[in-house]
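Beneath this line is the structure, given in structure tokens, with notes to follow.
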Amino acid sequence: MYQSMDFKGYDLSNESEEIVPIGSLNHLSTKYESLDYEVIENELYREEEQKKGYRYVVQKDFSRWMTFFWIGVTIAFIGIIIFISIEIGTTFKFNMIKKYFDGCTEADCMVKPYFVALLLNLIPSLVGSCLIVYVEPMAKGSGIPAVKCFLNGIKVPRLIRLKTLVVKVIGVTCVALGGMWGGKEGPMIHAGSIVAAGVSQGKSTTFNKDLGALNFFREDHEKRDFVSGGAAAGIAAAFGAPVGGLLFSLEEGASFWNQALTWRTFFGSMVSMFTLHSVLSAYHGHPGDLTYKGLLNFGKFDDLSYHILDIPVFVLMGIVGGLTGALFCHLNLKLFIFRKRYVNKDWKKVLEVLIVCATTVTISFLLILFTSDCKKLGLDPTDHPIQFGCNDGEFNAMAALWFQLLEGTVRSLFHDTPDVFNTTTVVYFCICAYFITLWTYGVHFSGGVLIPGLCTGAAWGRLVGRAVFHFFPNTNIGIYSLIGAASQLGGITRMTISLTIILVEATGSITFGLPLMICLMTAKWVGDFFSESIYDTQIELSGMPLLAWDPPPLSSNIYANNLMTHPVITFKTKETVGNIVKILKRYSHNGFPVIEYVQNYELDEGKTKCYLRGLILRSQLIVLLENKVFDGPLTNYWDSVTMETFREDYPRYSSIEDIELLQNDLKLTIDLSRFMNPSPYIVQHTMSLPRVFKLFRAMGLRHIVVVNDSNEVAGIVTRKDLARYKVIRHMGKISVTELKFSSK
Ligand code: ATP
């Protein structure tokens, strides 16, 4: 419940951190710091602007466009590497399995192909999971929740490192080669973000190499814009959907957006898509053919026409997608708690991946063994038809569903004629697909839920299509399969606008936009009624202080003085080095108001008042101490300090413990007025929570200083103070709870 506190905020010192139970959704981790999206317009900044003039502005703008171009090209090449490695690897794998299966039509000869398949799947899965567990855990999963948090303003450690990218790329290839139920499309978003963050900075912290170029982009807000563009370029490469990518960044991530950024993001996405298409078409022997699809190819639907009477069926399918999606998120949460409790050692994490992989292979073989669905060769929806259990000239339809990449299975379910798969084959496949996806999402591997979700939905959508086909033989069951896929994925991820456009672009049919929108909106509404999306559940479990889109409802009677922390740790405009070091060592805060004590004899009978002069960040103070920018009796170093001095250390600043100072240094002073942000956002202590919230959200702020009626510093509010208010919507009821801080 809301609590009123007069000029007294929440104490975030370690003593107040709570031990939260495993799987608690009601905590905020103090481990995550915020990013600074505000431009610090201090004296140095203004001087730089004056000195460099309009030429600098044009140069910066041109570099921005060029950087987006290179981001697009780089992410496309990463996609190409992944695509070609997977294609070569899986062709080899399925040919081997087929070789051992050839001539095997009875159960007793199935042992050999089973063990071959097991071995060929386990080896890449082992490599992929070891890389995640022992080399870079940040490359786990799709990375979408973490990218979403970064764009929201949270510093997620190691999220955008080169090492993470390398592990991600190898990991995602291993997932596909290991036949695990994870898609490469989600990881492409993460990979795109890393590429964007790397290319735009002109340096690599991993290799300690600085190209000395693009230094003007070494700021959080610039990096954020590039990362939004990189995520969009990742989607464009993965789905061949540049507008979908742009909308994904807008819908899922961006806390800040403007027209110029929209254009640049679109440009980067287009470059990415066309680079990928042209290289892949050349690779497949059609150089110059730009119509080659993205990494994911849904195939061409001949007829996507629908009738008004189909709409209620689509709505019903949206409801099913929402319900099964909500159940998926709920069960995944339970699995997460189980994993935290029992799968808590590195070797156990790797073992779980191997068990999931082996179970997937075993299930596929058991289904092939126990279902008999033989179809004439020529209808075969796979490049590697398996004869097992069938007569000569026939192939096993269940094997066809399992022995190809997930993308291929989705395509088969979308396009194959109704008689290719028996209903029982699709029912068994669908149930297994749902539970395998559920179990697989969250294990230590580098795959996303997008394609497994689509595949599961395509299967049950096909069943609906078959039912309709039974009554109306002219029905194109692929339409229902597509709606099922969209509903299932919409129910799990709650993506609406972007998923509609991604599917429209991937299927190449604009007329089918309306049914997709209808089922996705229905799936979202139904799903939201019961649970959060899978991504938001992951974010809440990790305790990342994500700022919601809107302030909590009915919160206008909460004021800034209820939110703020008081007393505030501040610095004076001229502060001694000793004092700065002492405070930085004692408090872990990242922002400090800079104040001045003024005695006003005319107005306040000589009372001392404390006025705000600016705000200084911990990182700025660290740079000043490291460079010894002190005002001594004989020395005055600060003239040599420019914006470049601060950019050099970005984004990893030293810790205060690592800075070596002489005893004499501690007596010197620093004039903070030249370096601080002289015009930080301030609010009156009477400002309501919704207004403070909107300010944080719209401006991407990290700190706001609160002043009292006489404009003296009264407190400070950070984004974590606001992120604590969590709105819970469950079964049509809304409640607001205050999250606890934990050091988890
Ligand atoms: P972040 O970690 O998000 O980058 P920060 O370290 O400055 O920012 P938080 O960790 O968000 O601050 O804040 C922890 C708590 O400390 C919050 O309740 C906040 O109000 C309070 N706080 C932040 N800065 C100060 C300060 N200078 N003086 C007193 N309290 C502060």
Side-chain angles (χ1 to χ4, degrees), residues 3 5 7-18 27-38 40 149-150 152-157 220-221 224 255 542-547 558-572 575 579-580 582-595 610 612-622 650-653 655-656 672 676-677 680-683 685 687 689 692-693 695-697 699-707 712-725 738-744:
Q3 221 177 328
M5 301 190 190
F7 290 102
K8 198 170 171 294
Y10 305 103
D11 182 6
L12 237 205
S13 61
N14 284 336
E15 301 89 68
S16 73
E17 282 171 11
E18 302 218 4
H27 74 108
L28 274 194
S29 173
T30 48
K31 200 168 76 181
Y32 298 103
E33 290 185 352
S34 306
L35 292 162
D36 279 303
Y37 288 157
E38 200 185 347
I40 300 174
C149 287
F150 178 89
N152 190 269
I154 302 166
K155 197 181 279 178
V156 186
D220 282 345
H221 72 105
R224 169 200 59 195
S255 48
S542 63
M544 291 200 224
L546 189 86
L547 269 198
I558 302 175
Y559 303 106
N561 63 346
N562 303 129
L563 298 167
M564 71 190 193
T565 302
H566 175 86
V568 193
I569 314 299
T570 55
F571 288 114
K572 296 196 289 296
E575 192 62 84
N579 223 358
I580 294 176
K582 199 169 76 190
I583 287 186
L584 291 188
K585 281 192 175 162
R586 188 182 302 170
Y587 300 98
S588 60
H589 303 311
N590 282 301
F592 302 91
V594 179
I595 54 160
C610 132
L612 181 71
R613 289 287 171 252
L615 187 102
I616 191 126
L617 297 175
R618 166 180 284 266
S619 56
Q620 291 178 296
L621 291 168
I622 295 281
Y650 178 83
R652 273 177 237 168
Y653 300 98
S655 142
I656 183 67
L672 298 180
M676 68 189 185
N677 179 359
Y681 285 90
I682 49 172
V683 298
H685 65 107
M687 189 183 266
L689 191 155
V692 177
F693 192 100
L695 207 50
F696 265 96
R697 197 69 171 88
M699 307 310 298
L701 302 182
R702 189 179 185 182
H703 303 95
I704 275 189
V705 183
V706 183
V707 293
E712 289 177 286
V713 176
I716 190 163
V717 179
T718 64
R719 68 193 303 286
K720 271 190 209 143
D721 292 322
L722 290 176
R724 291 190 66 181
Y725 289 89
E738 277 178 33
L739 305 180
K740 298 177 176 63
F741 283 109
S742 80
S743 53
K744 265 209 318 181

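Atoms within a ligand are numbered from 1 in the order they appear, just like the ligands themselves. Along the sequence shown, residues carry numbers from 1. These numbers come from the heavy atoms of this one structure, side chains and all, not from hydrogens, waters or symmetry mates.
- In summary, the atoms of ligand 1 found under 4.0 Å from a heavy atom of Val568, numbered by their order in the structure, are 26 (C), 27 (N), 28 (N), 29 (C).
- For His703, every heavy-atom contact with ligand 1 shorter than 4.0 Å involves the side chain, none the backbone.
- Between Ile569 and ligand 1, at least one pair of N/O atoms sits closer than 3.5 Å.
- The shortest N or O to N or O distance between Tyr32 and ligand 1 is not under 3.5 Å.
- Residue-ligand proximity, Phe592 to ligand 1, at heavy-atom distances under 4.0 Å covers atoms 27 (N).
- Interface atoms of ligand 1 facing Thr565, defined by a heavy-atom separation under 4.0 Å, are 17 (C), 18 (O), 19 (C), 20 (O), 21 (C), 30 (N).
- Looking at every heavy atom in both residues, Ser655 comes nearest to Ile622 through C-CD1, 4.2 Å.
- On a distance-only criterion, Arg702 and ligand 1 share at least one N/O pair closer than 3.5 Å.
- Considering backbone and side-chain N/O atoms, Gly591 comes within less than 3.5 Å of an N/O atom of ligand 1.
- Judged by distance alone, the side chain of Arg724 and the main-chain N or O of Leu28 form no donor-acceptor pair under 3.5 Å.
- Remark: Arg224 qualifies as a cation-pi partner of Tyr37 under the 6.0 Å distance and 45° angle criteria applied to the six-membered ring.
- A donor-acceptor pair is defined here as one N or O able to donate and one able to accept, closer than 3.5 Å; such a pair exists between the side chain of Asn152 and the backbone of Leu547.
- The residue among His589, Arg618, Lys720 with a heavy atom at the shortest distance from atom 25 (C) of ligand 1 is His589.
- Taking a 4.0 Å cut-off on heavy atoms, Pro567 registers as neighbouring ligand 1.
- Under a 3.5 Å cut-off, the side chain of His566 and the backbone N or O of Ala714 do form a donor-acceptor pair.
- Contact detail for Leu612 and Pro680: the closest heavy-atom pair is CD2-CG, 4.1 Å.
- Shortest non-hydrogen contact noted between Arg618 and Ile656 is NH1-CG2, 4.2 Å.
- Residue-level proximity to ligand 1 for Asp721 is carried by the side chain, the only part with a heavy atom below 4.0 angstrom.
- Using modelled atom types, one side-chain atom of Arg719 and one backbone atom of Pro545 make a donor-acceptor pair closer than 3.5 Å.
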